[in-house]
Colleague: 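Take a look at this one; I'll ask things after.
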Amino acid sequence: MTEASGVIVYTEDGNLVVPDFPVIPFIEGDGIGPDIWRAARRVLDAAVSSAFGDQRKIQWMEVLAGEKAFNQTQSWLPNDTLEAIRTYRVAIKGPLTTPVGEGIRSINVGLRQELDLYACVRPVKYIEGIPSPMIKPSDVDMVLFRENTEDVYMGLEWKAGSAVAQKIIDLVKAEDGRSIRPDSGVGIKPISRFGTRRLVRMAIEYALVHGKRSVTLVHKGNIMKFTEGAFRGWGYDVAQEEFGGRTITEDVLWDKHGGKIPPDKVLIKDRIADAMFQQILLRPSEYDVLAMPNLNGDYMSDALSAMVGGLGLAPGANIGDGIALFEATHGTAPKYAGQDKVNPGSLILSGAMMLDYLGWKTAAAHIRKGLAKAVANKRVTYDLARQMEGATEVKCSGFAEEIVRQM
């Protein structure tokens, strides 16, 4: 871990207090991580300088996770990294390796669970000129809140034939009378009232602060009645109990308001997950904020990103109470590592989210403006250039420089 001079971001009376020279830990990431981090840091520093001159500046501090951490410390996720993020409260990271099948659990999931970053927040909005499979991609403007700490991502599963799997199979047979095939792997899917309420609360608060029209609870409660069905019920409960004067349900909307949302209300509605995948394709303009359990959120956020250009331009953040970790939402793409080739847009736009979170909105706006102009000028990385007629392909670092030029 490299030390940095600066001041710690802290909270006071529940509010974030951001100094002019805050220390922000960063994890550069595995695979393409170093390439896209260099590009993102260039853009972030330039945006802060453009917006505030020498009055504000981020003091970057490297912390380790993933392959670099393992090579130096023999730990994929060192305790020092967790403590640094707890201490400095706001951090940013590149993609990290997650082995499939046997081996270590996801480091990304570990960070979320250890730091209790219970909301994965992913805004999805079309940037003019980006290739898209949609006929009207400009209708896509949603913010997804995915519960981050529960559901099947808790990793409560046991191998087929293991003693614990057999005990669970026997318990289900003895207590419930239903049979599970003896050669089954077994997993548990916890969804709690506590976890659901705080996630939905954050989603509704976001909608109210940002003038959004609706919050949609996305679930598979028609089948999983006591987990995802409970998510739906607890979500409506928190809306009524904590935001009753500022929210409205669909029943009331049609019974008393003719289907038109009153200007001082946020509509709370719910949709079955499989139907919602059709809704985001066929009627995206009807949805603003989505709140859902962990696995649904994983699928839905990637599907939404594909509608507006793919994960290369998809920002994201993991947010808890007073701690936030912003991240590239895609994988490590090791075959492109060190080639200065891939699109750094996801990490750059996640950095813009981080600047918004810090209250440095002018700098964030400079980044979004610069990126939009770079795309409009068709000076883009290979993934976009190959789909855009007349585009000029630039390197990862070149795309960052183009964004800086266009601020």
Side-chain angles (χ1 to χ4, degrees), residues 4 6-7 9 16-26 28 35-61 90-94 121-130 138 140-141 143 206 209-211 305 308-309 311-317 319 324-329 342-381 384 391-392 394-407:
V7 184
V9 175
L16 200 69
V17 179
V18 181
D20 291 332
F21 299 91
V23 176
I24 303 294
F26 71 90
E28 66 175 8
D35 287 348
I36 65 172
W37 169 246
R38 282 190 294 270
R41 179 171 176 170
R42 170 75 178 98
V43 173
L44 289 168
D45 286 341
V48 173
S49 177
S50 175
F52 306 116
D54 59 2
Q55 300 302 304
R56 291 179 179 174
K57 185 178 181 180
I58 293 173
Q59 307 297 312
W60 299 108
M61 181 179 74
V90 179
I92 189 168
K93 61 176 279 295
V121 183
R122 293 190 178 179
V124 184
K125 185 175 183 178
Y126 181 64
I127 298 170
E128 189 65 36
I130 295 292
S138 58
V140 180
D141 185 1
V143 181
Y206 180 93
V209 168
H210 292 88
S305 298
V308 295
L311 289 175
L313 286 168
I319 301 176
L325 176 61
F326 299 82
E327 66 178 354
T329 59
V342 298
N343 189 340
S346 174
L347 192 57
I348 288 170
L349 290 172
S350 296
M353 285 181 70
M354 183 185 76
L355 294 175
D356 280 332
Y357 184 83
L358 293 171
W360 296 6
K361 296 183 182 297
T362 305
H366 285 192
I367 290 174
R368 295 186 180 104
K369 176 183 175 183
L371 192 148
K373 284 190 173 183
V375 170
N377 290 341
K378 297 185 178 181
R379 293 185 59 81
V380 292
T381 48
L384 300 178
T392 298
V394 297
K395 292 180 177 295
C396 174
S397 57
F399 189 50
E401 290 301 330
E402 183 66 18
I403 294 170
V404 171
R405 279 194 294 271
Q406 298 297 337
M407 282 183 184

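Position 1 is the first residue of the sequence, and the numbers go up from there.
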Colleague: Could you tell me which non-hydrogen atom of F52 sits nearest to which non-hydrogen atom of A363, and how far apart they are?
Modeller: CE1-CB, 4.0 Å
Colleague: So do W60 and R41 actually touch side chain to side chain, heavy atoms under 4.5 Å?
Modeller: yes
Colleague: Would you please name every residue forming a salt bridge (charged side-chain N to carboxylate O under 4.0 Å, His left out) with E401, sequence neighbours left out?
Modeller: R42
Colleague: Would the number of heavy atoms belonging to other residues, nucleotides or ligands and lying under 6.0 Å from NZ of K378 be above 12?
Modeller: yes
Colleague: Determine whether Q55 and D20 make a side-chain contact, defined as any pair of heavy atoms from C-beta on separated by less than 4.5 Å.
Modeller: no
Colleague: Got a second to check how far D35's CG is from E28's CD, nearest 0.5 Å?
Modeller: 9.5 Å
Colleague: At their closest point, which heavy atom of S350 faces which heavy atom of F326, and how far apart are they?
Modeller: O-CD2, 3.6 Å
Colleague: Atom CE of M354 and atom CG of L325: how far apart are they, to the nearest 0.5 Å?
Modeller: 10.5 Å
Colleague: Would you name the heavy atoms of A47 and H366 that are closest together and state the gap between them?
Modeller: O-ND1, 4.1 Å
Colleague: Which pair of heavy atoms, one from A51 and one from T362, lies closest together, and at what distance?
Modeller: CB-CG2, 3.9 Å
Colleague: In the structure I gave you, are the side-chain heavy atoms of V308 and L313 within less than 4.5 Å of one another anywhere?
Modeller: no
Colleague: Which residues satisfy the ring-ring contact (aromatic ring centres under 6.0 Å, His included) test with Y126, sequence neighbours excluded?
Modeller: none
Colleague: Can you tell me which residue among T381, V394, V380, N377 is in a side chain to side chain contact (heavy atoms under 4.5 Å, CB included) with E402?
Modeller: N377
Colleague: Do P123 and M353 have side-chain heavy atoms sitting under 4.5 Å apart?
Modeller: yes
Colleague: Report the distance from atom CD1 of I92 to atom CH2 of W37, rounding to the nearest 0.5 Å.
Modeller: 5.0 Å
Colleague: Using side chain to side chain contact (heavy atoms under 4.5 Å, CB included) as the criterion, list what pairs up with K373, not counting sequence neighbours.
Modeller: K369, Q406
Colleague: Taking the side chain as every heavy atom from C-beta outward, state whether V124 and D141 have any pair of such atoms under 4.5 Å apart.
Modeller: no
Colleague: Is any side-chain heavy atom of L371 closer than 4.5 Å to a side-chain heavy atom of V43?
Modeller: no
Colleague: Can you check whether A39's main-chain N or O pairs, donor with acceptor, with S397's side chain at less than 3.5 Å?
Modeller: no
Colleague: Show the numbers, then the answer: is there a side chain to side chain contact (heavy atoms under 4.5 Å, CB included) between Y357 and L16?
Modeller: CA-CA 9 Å; Y357 184 83; L16 200 69; 3.4 Å; yes
Colleague: Any side-chain heavy atom of I58 within less than 4.5 Å of one from W360?
Modeller: yes
Colleague: Just wondering, do C396 and I36 contact through their side chains at under 4.5 Å, heavy atoms?
Modeller: yes
Colleague: Main chain of L311, side chain of S305: is a donor-acceptor contact present, judged purely on distance under 3.5 Å?
Modeller: no
Colleague: How long is the span from the CZ atom in F26 to the NZ atom in K93, to the nearest 0.5 Å?
Modeller: 14.0 Å
Colleague: Show, in sequence, the C-alpha distance, side-chain angles and deciding distance for T329 and R122, and conclude whether the side chain to side chain contact (heavy atoms under 4.5 Å, CB included) test is met.
Modeller: CA-CA 9 Å; T329 59; R122 293 190 178 179; 3.7 Å; yes
Colleague: Please round to the nearest 0.5 Å and tell me the distance separating atom CG of L349 and atom CZ of R368.
Modeller: 7.0 Å
Colleague: Using every non-hydrogen atom in the two residues, find where V90 and V9 come nearest and quote the distance to one decimal.
Modeller: CG2-CG1, 4.3 Å
Colleague: Could you give the distance from CG (L44) to CD1 (I367), rounded to the nearest 0.5 Å?
Modeller: 4.5 Å
Colleague: Using the side chain to side chain contact (heavy atoms under 4.5 Å, CB included) rule, take V23 and V7 through it: C-alpha gap first, then chi angles, then the decisive distance, then the call.
Modeller: CA-CA 6 Å; V23 176; V7 184; over 6 Å; no
Colleague: G345 and N343: which non-hydrogen atoms are nearest, and at how many Å?
Modeller: N-OD1, 2.7 Å
Colleague: Output yes when a side-chain donor or acceptor of S346 lies under 3.5 Å from a complementary backbone atom of A328, and no otherwise.
Modeller: no
